[in-house]
2 protein chains.
Amino acid sequence: MGVTKTEAYTERQLRRANLCKALGHPARIAILEHLLAADCCICQDLTGVIDLSQPTLSRHLLVLREAGLICGTVKGNSRSYCIGRERWEIARKEMSSFFGELSACK
Amino acid sequence: MGVTKTEAYTERQLRRANLCKALGHPARIAILEHLLAADCCICQDLTGVIDLSQPTLSRHLLVLREAGLICGTVKGNSRSYCIGRERWEIARKEMSSFFGELSACK
DNA sequence: CTTCAATATAGTAATATTGCTATATTGCGA
DNA sequence: TCGCAATATAGCAATATTACTATATTGAAG
């Protein structure tokens, strides 16, 4: 039905899945890569970097913001986005621990 | 349109996004956690562990298989799934390097 | 105050995803 | 062979996602 039965899962499973879901689009990966490379802050040179319309980019930025992966501060008329350091670190650990769960199975 | 403009991105961006997309559902996270905990191989006790119908679980398993995160070997009438070690390791590195890109910005 | 530039939101259309039930497929044992 | 058990696939319905154009919002400059 396109709707996920969220009530059936643990908090951690939902956290992990939601994090991955936010990262699950190349435009959002591209935005993050850009922010990682470009000293952390930027507004909308993205329209020049990623081949999507401004509103579409705005939507992707919203998804990333809701996931806490970036934060945007108002800077006059424009918004300056940067990596959300704290959440980024949490996400890094979350993924790291997930992938690290594979140890000594046969 | 629900359709992603894949042609606009780098190989790496698409790889990263596709990996995350495959992980972007709690049922798939739950399946992987189960496989990680349960010595690597299992068929369909999943129906007893995750509250979804057998066909729905089968679909999720397919997504994970297509992503290479698990592999299933036929074992008589049933299929025995386990973590796809090589791809898992690649995915771990992929994610690790992605999250590691944040170094010494301000 | 008016205008412009930068974003965000509304509205819309197309496709993707999720999940179900019903049905096929496939191997094993009687 | 026949039927059962374990999966997979087909078909369907509902919701989510992606992306567009058009429009609203908001701050700065004149």
Side-chain angles (χ1 to χ4, degrees), chain A residues 1-9 13-14 17-32 34-35 41-67 69-82, chain B residues 1-9 13-14 17-32 34-35 41-67 69-82:
Chain A
M1 302 162 176
V3 77
T4 297
K5 292 172 85 173
T6 55
E7 68 285 357
Y9 307 101
Q13 285 164 350
L14 291 170
N18 284 333
L19 169 60
C20 288
K21 204 172 171 188
L23 295 172
H25 192 288
R28 294 195 286 272
I29 294 288
I31 290 171
L32 290 172
H34 190 84
L35 285 176
C41 285
I42 255 153
C43 76
Q44 210 76 332
D45 339 74
L46 290 178
T47 39
V49 178
I50 302 168
D51 180 30
L52 290 173
S53 69
Q54 175 268 318
T56 300
L57 285 167
S58 188
R59 192 69 78 85
H60 284 301
L61 286 165
L62 178 63
V63 173
L64 291 171
R65 210 163 62 222
E66 285 177 342
L69 292 168
I70 63 174
C71 48
T73 55
V74 178
K75 209 163 195 174
N77 199 7
S78 65
R79 277 78 178 172
S80 173
Y81 288 103
C82 60
Chain B
M1 305 157 174
V3 77
T4 297
K5 292 172 85 173
T6 55
E7 68 285 358
Y9 308 101
Q13 285 164 349
L14 290 171
N18 285 334
L19 169 60
C20 289
K21 204 173 173 189
L23 295 172
H25 192 289
R28 294 195 285 270
I29 295 288
I31 290 171
L32 290 172
H34 190 83
L35 284 177
C41 283
I42 255 153
C43 76
Q44 209 76 333
D45 340 74
L46 289 177
T47 41
V49 178
I50 303 168
D51 181 29
L52 290 172
S53 69
Q54 176 268 318
T56 300
L57 284 168
S58 187
R59 191 73 76 83
H60 283 302
L61 286 166
L62 177 63
V63 173
L64 290 172
R65 211 162 62 221
E66 284 178 343
L69 292 168
I70 64 176
C71 48
T73 53
V74 178
K75 209 165 196 173
N77 199 8
S78 66
R79 276 78 178 173
S80 172
Y81 288 103
C82 61

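Lettering of chains follows the sequences in order, A, B, ..., and the numbering in each one begins at 1.
With hydrogens and angles left out, the side chain of A:Asn77 and the base of D:dA28 share no donor-acceptor pair within 3.5 Å. Judged by atom type and distance alone, A:Gln54 reaches the base of C:dA8 through a side-chain donor-acceptor pair under 3.5 Å.
Comparing A:Val63 and A:Gly76 by the nucleotide of DNA chain D whose heavy atom lies nearest to each, the residue mapping closer to the 5' end is A:Val63. Nearer to the 5' terminus of DNA chain C, by closest-nucleotide assignment, is the contact made by A:Ser58 (compared with the other of A:Val3 and A:Ser58). Along DNA chain D, the nucleotide closest to A:Ala27 and the one closest to B:Arg65 are compared, and the more 5′ of them pairs with B:Arg65.
Distance CZ (B:Arg28) to C1' (C:dG19): 12 Å, rounded to an integer number of Å. At whole-Å resolution of the value, CG in A:Leu62 and P in D:dA16 are 16 Å apart. Atom CZ of B:Arg59 is separated from atom P of C:dA22 by 17 Å (rounded to the nearest Å). Atoms CG (B:Leu52) and C1' (C:dT21) sit 15 Å apart, rounded to a whole Å. Straight-line distance from the CD1 atom of A:Ile31 to the C1' atom of D:dA19: 13 Å, rounded to whole Å. The CD1 atom of A:Ile70 sits 12 Å away from the P atom of C:dT7 (whole-angstrom rounding). C:dA8 atom P lies 12 Å from atom CD of A:Glu66, rounded to whole Å. In this entry the distance linking CG of A:Leu57 with C1' of C:dA8 reads 12 Å, nearest Å.
Minimum heavy-atom separation, A:Leu57 to A:Leu52: CD1-O, 3.8 Å. The minimum heavy-atom distance linking B:Ala17 with A:Pro26 is given by the pair CB-N, 3.3 Å. Contact between B:Ala27 and B:Ile50 at its shortest, heavy atoms only, is O-CD1, 4.0 Å.
With A:Arg28 contributing its side chain and A:Leu64 its backbone, the two residues share no donor-acceptor pair below 3.5 Å.
Taking only side-chain nitrogens and oxygens, A:Thr56 comes nearer than 4.0 Å to OP1 or OP2 of D:dC20. For C:dA8, the OP1/OP2 oxygens have a side-chain nitrogen or oxygen of A:Tyr81 closer than 4.0 Å. The phosphate of C:dT17 has neither OP1 nor OP2 within less than 4.0 Å of any side-chain N or O from B:His60. Phosphate contact (OP1/OP2 of C:dC20, side-chain N/O of A:Lys5, threshold under 4.0 Å): present. Between A:Ser53 and D:dA19, a side-chain N or O to OP1/OP2 separation shorter than 4.0 Å is absent. Distances shorter than 4.0 Å separate none of the side-chain N or O atoms of A:Lys21 from OP1 or OP2 on C:dT17.
Between A:Leu23 and A:Leu69, some side-chain heavy-atom pair lies under the 4.5 Å cut-off.
For A:Pro55, counting side-chain heavy atoms from C-beta on, the closest listed nucleotide (D:dA22, C:dT21, D:dT7) is D:dA22. With C:dG19, C:dA16, D:dA19 as the choices, the nucleotide that has an atom nearest any side-chain atom of A:Tyr9 turns out to be C:dG19.
A:Thr4 comes within 4.0 angstrom of the backbone, heavy atoms only, and of no base.
A:His25 and A:His60 have tilted rings, their planes meeting at an angle from 30° to 60° on a 0 to 90° scale.
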